[in-house]
Amino acid sequence: MTRKYPITRTDGYRLTISGLITKRAELAGEKNAALKRVHELGEQIVHVDATLRLFGFTDFQGIQPIKRAPKDRATKAEALARHKSIRELLSANPDGVTTPEIAEHLQCHFPDADKRRIRNYARKVLNRWQAAGTVEVCDYTGQAKRWRLR
């Protein structure tokens, strides 16, 4: 079948017939890809169910889908503010600061996060800075590293 209107994307007139046909074709492609993915997931579930049946498991209604919580992502401005805060703390203490002390200092930037996540964030930032040559470990006695600016 030949098309009366060719599939094109116009910049000036987005709501033309050819633009709408192109948009519909794109959406139909996305829908087909999503349906294919849903079908693949259904097949995987069938295979896992069959394997569970081999081991005598029969209570498939009791299995609830897992909803993963979204990761807490900081915006670029928030990350820069945290980095600036860590730098200020390190520059104010030339003898060095331990990782837990830095995490306590960052508590104001992470009002809803738990202390373990803050400490992990501080470790990641400090290890990146150490690889870049910005900070160094001046002491490692006990449970925490002591960091200082180079």
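Values below: every heavy atom of this structure, side chains too, minus hydrogens, waters and symmetry copies. Not measured: the values here are computed from a predicted model.
- Between A144 and T98, the closest heavy-atom pair is CB-CB, 4.1 Å.
- Proximity of W147 to V135: side-chain heavy atoms (C-beta onward) are separated by under 4.5 Å at one or more points.
- Members clustered with I45: none, using a 4.5 Å side-chain heavy-atom cutoff among hydrophobic residues.
- Counting heavy atoms from C-beta on, the side chains of K84 and L80 never come closer than 4.5 Å.
- Listed by first then second residue, pairs satisfying salt bridge (Lys or Arg N to Asp or Glu O under 4.0 Å) with a partner in residues 141-150 read E136-R148, E136-R150, not counting sequence neighbours.
- Legend: residues meeting side-chain contact (heavy atoms from CB on, under 4.5 Å) with Q61, ordered by chain and number and at least two apart, are D59.
- Listed by first then second residue, pairs satisfying ring-ring contact (aromatic ring centres under 6.0 Å, His included) with a partner in residues 30-57 read F57-F60, not counting sequence neighbours.
- The minimum heavy-atom distance between D95 and C138, with the atom names listed, is O-SG, 3.6 Å.
- Contacts classified as ring-ring contact (aromatic ring centres under 6.0 Å, His included) and involving residues 76-107 (residues at least two apart or in different chains) are given here: H83-W129.
- Using a 4.5 Å heavy-atom cutoff, the side chains of R53 and T58 are not in contact.
- Under the 4.5 Å side-chain criterion, counting only non-hydrogen atoms from C-beta, I86 is in contact with L126.
- Counting heavy atoms from C-beta outward, R116 and N120 have side chains that approach closer than 4.5 Å.
- The line from CZ of R128 to CZ of R123 is 14.0 Å long, rounded to the nearest 0.5 Å.
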- [ ] Starting from the C-alpha separation in whole Å, work towards a yes-or-no answer on side-chain contact (heavy atoms from CB on, under 4.5 Å) for L89 and E101.
- [x] CA-CA 10 Å; L89 180 65; E101 292 171 347; 5.6 Å; no
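- By the side-chain contact (heavy atoms from CB on, under 4.5 Å) test, L54 pairs with no residue at all, sequence neighbours left out.
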- [ ] For side-chain contact (heavy atoms from CB on, under 4.5 Å), just list the numbers for L90 and I102, CA-CA rounded to whole Å, side-chain angles, deciding distance to a tenth of an Å, and then say yes or no.
- [x] CA-CA 9 Å; L90 290 173; I102 294 172; 4.2 Å; yes
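- Judged by distance alone, the side chain of S91 and the main-chain N or O of R87 form a donor-acceptor pair under 3.5 Å.
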